[in-house]
J.: 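Before we start, here is the structure in question, set down as structure tokens.
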Amino acid sequence: MVVLQSGSSTKERLHNTLNLHEYNIEKHIKPHFKKITLQKLKPLMYQKFINKLSESKGRGDKVYSRRTVELIHSTMHDALEKAVTLGKLDKNPCEGVTIRGIKKSDKVKFIESEHIPEFLANAKKYGYIYWFFFMFMLETGMRKGEVGALQWPDIDLKNGLATVSKTLDYDLPENPDDLFGDTKTFNSKRTLKISNTLLAALRHHLNVQNQNKITLGEMYRHDLNLIMCRTDGSSIPKSSLFNSFSRILKRTALPPLTYPFSSTYARSIAIRSWC
């Protein structure tokens with residue numbers, strides 16, 4: 001694997017962070033606290049808000065993960081910390097909160113490498129784009145958000161390279177300026193050498209997309225320029241990926257799993273961070 005450093009600018013990272021805070025405020029904080037003044041907000045009230053988030057139904061009928069709740073808490077905590085600094089509050093009511101959420105299991109289960117062909121065969125029968133998505137993860141070891149964020153300029157078909165510089169933010173509106181965020185860590189930004197098999201699949205996929213663009217015309221989401229997308233060029237929802245993965249597993253003799261594949265397949269590169 002070839003790993004080269006690449007990354008977005010500080011301005012882009014700040015833009016994405018501000019968008020996330022704005023989304024948390026509009027989606028979660030304002031609807032809950034709209035009738036409560038700043039001075040009347042107490043720690044117990046805020047704890048109940050955090051508990052409600054942990055028990056709420058999110059997109060795809062899933063409970064909000066611990067990480068999502070932590071991000072919402074960060075937005076609220078930072079705002080009220082500023083209020084303390086400005087003398088609007090004596091104490092931050094967000095201090096000392098307990099965040100429940102869903103914790104990742106300590107024991108991770110995988111599909112063993114010998115079952116990968118069976119899984120991919122059933123994935124192809126289930127739906128072409130899901131087969132391609134999971135196959136791409138297998139071949140590269142990329143996270144689902146990284147695969148979902150790939151745009152055609154990220155792929156060098158001539159030299160067989162894929163540049164990983166961003167991730168898809170499934171919780172933000174589908175706007176080209178808001179849809180992409182930073183990778184999980186700075187070191188996650190990298191350039192990967194991809195196989196001839198994957199290059200052939202990418203060329204075929206490009207032809208499929210070009211046909212969809214001709215058919216749909218202005219209805220196609222040309223602005224997103226995504227590789228992994230629905231027929232109209234829009235991003236694949238996280239709920240669709242989870243549901244397709246579960247349904248594909250049901251077509252096999254494999255048990256329900258959270259993490260798809262073990263690290264013994266595809267040059268010992270695991271599919272990381274499915275959750």
Side-chain angles (χ1 to χ4, degrees), residues 57-63 65 105 108-152 155 162 167-171 174 179 194-216 219-221 224-267 269-275:
K57 297 289 184 178
R59 193 177 291 183
D61 204 31
K62 298 288 182 182
V63 210
S65 69
S105 174
V108 178
K109 295 181 180 180
F110 297 95
I111 297 177
E112 296 299 332
S113 58
E114 61 265 27
H115 298 305
I116 297 300
E118 180 187 2
F119 175 84
L120 288 178
N122 280 279
K124 200 165 190 177
K125 292 177 184 177
Y126 179 82
Y128 161 75
I129 192 59
Y130 299 110
W131 162 79
F132 191 39
F133 196 105
F134 296 136
M135 189 265 283
F136 204 102
M137 292 179 73
L138 275 167
E139 282 280 336
T140 62
M142 291 168 62
R143 300 177 176 93
K144 73 177 185 301
E146 294 171 341
V147 174
L150 283 174
Q151 297 170 292
W152 284 108
I155 301 296
T167 188
L168 195 69
D169 197 329
Y170 290 99
D171 294 324
E174 196 170 86
L179 192 61
I194 52 182
S195 69
N196 290 331
T197 301
L198 190 52
L199 280 174
L202 280 164
R203 291 189 179 98
H204 170 74
H205 185 61
L206 181 58
N207 290 332
V208 171
Q209 273 198 5
N210 286 337
Q211 190 59 51
N212 290 336
K213 291 174 182 178
I214 293 171
T215 302
L216 295 175
M219 295 175 62
Y220 191 89
R221 291 300 303 270
L224 297 178
N225 202 19
L226 293 172
I227 294 176
M228 299 296 174
C229 58
R230 292 182 286 191
T231 305
D232 65 351
S234 59
S235 63
I236 304 171
K238 181 168 64 174
S239 58
S240 296
L241 293 173
F242 274 101
N243 290 337
S244 63
F245 179 69
S246 298
R247 290 166 184 165
I248 293 166
L249 278 181
K250 287 180 181 179
R251 297 186 176 200
T252 69
L254 301 171
L257 299 171
T258 301
Y259 274 67
F261 311 106
S262 74
S263 58
T264 58
Y265 188 77
R267 302 184 309 278
I269 301 173
I271 287 191
R272 303 162 297 174
S273 300
W274 178 253
C275 295

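Worth knowing before you read on, the calculation uses all heavy atoms, side chains too, and leaves out hydrogens, waters and symmetry mates. Nothing here was measured: the structure is a model prediction, and the numbers come from that model.
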J.: Drop me the distance from Leu202's CG to Ile227's CD1, to the nearest 0.5 angstrom.
T.: 6.0 Å
J.: If I take atom CE from residue Met228 and atom CD1 from residue Ile236, how far apart are they, to the nearest 0.5 angstrom?
T.: 7.5 Å
J.: Step by step, would you call Glu146 with Thr140 a side-chain contact (heavy atoms from CB on, under 4.5 Å)?
T.: CA-CA 10 Å; Glu146 294 171 341; Thr140 62; over 6 Å; no
J.: So, does Thr215 use its side chain to make a donor-acceptor pair with the main chain of Gln211 at under 3.5 Å?
T.: yes
J.: Exactly one of Val208, Ile214, Asn210 should register a side-chain contact (heavy atoms from CB on, under 4.5 Å) with Asn212. Which one does?
T.: Val208
J.: Find out whether Leu226 and Trp152 are in side-chain contact, i.e. whether some heavy atom of one side chain is under 4.5 Å from a heavy atom of the other.
T.: no
J.: Looking only at heavy atoms, which two atoms of Phe132 and Ala201 are closest? And how far apart?
T.: CE1-CB, 3.6 Å
J.: Using modelled atom types and a 3.5 Å cut-off, is there a donor and acceptor pairing between side-chain atoms of Glu139 and backbone atoms of Ile194?
T.: no
J.: Rounded to the nearest 0.5 Å, how far apart are OG1 of Thr231 and CE of Met219?
T.: 11.0 Å
J.: Taking all non-hydrogen atoms of both residues, which atom of Lys144 and which atom of Phe133 are closest, and how far apart?
T.: O-CZ, 3.4 Å
J.: Does any part of the side chain of Trp131, heavy atoms only, come nearer than 4.5 Å to the side chain of Ser244, both counted from C-beta?
T.: no
J.: Should the ring pair Tyr128 and His205 be called parallel, tilted or perpendicular, given that the plane angle runs from 0 to 90° and is split at 30 and 60?
T.: tilted
J.: Is there a side-chain contact between Arg230 and Ser240 (heavy atoms, below 4.5 Å)?
T.: no
J.: Any chance you could measure Tyr130, atom OH, to Leu120, atom CG, to the nearest 0.5 Å?
T.: 15.5 Å
J.: Give a yes or no on whether the ring-centroid distance for Tyr126 and Phe119 is below 6.0 angstrom.
T.: no
J.: Return the minimal non-hydrogen interatomic distance between Cys229 and Tyr220, and the atom names on each side.
T.: SG-OH, 3.7 Å
J.: Which distance, rounded to the nearest 0.5 Å, do you find between the CG of Leu138 and the CG of Leu198?
T.: 10.5 Å
J.: Is any side-chain heavy atom of Lys124 closer than 4.5 Å to one of Met135?
T.: no
J.: What closest approach, in Å, do Arg143 and Met137 show between heavy atoms, and which atom pair accounts for it?
T.: C-CE, 4.2 Å
J.: Any chance you could measure Arg221, atom CZ, to Asn225, atom CG, to the nearest 0.5 Å?
T.: 11.5 Å
J.: Do Glu118 side-chain atoms and Thr252 backbone N/O form a donor-acceptor pair below 3.5 Å?
T.: no
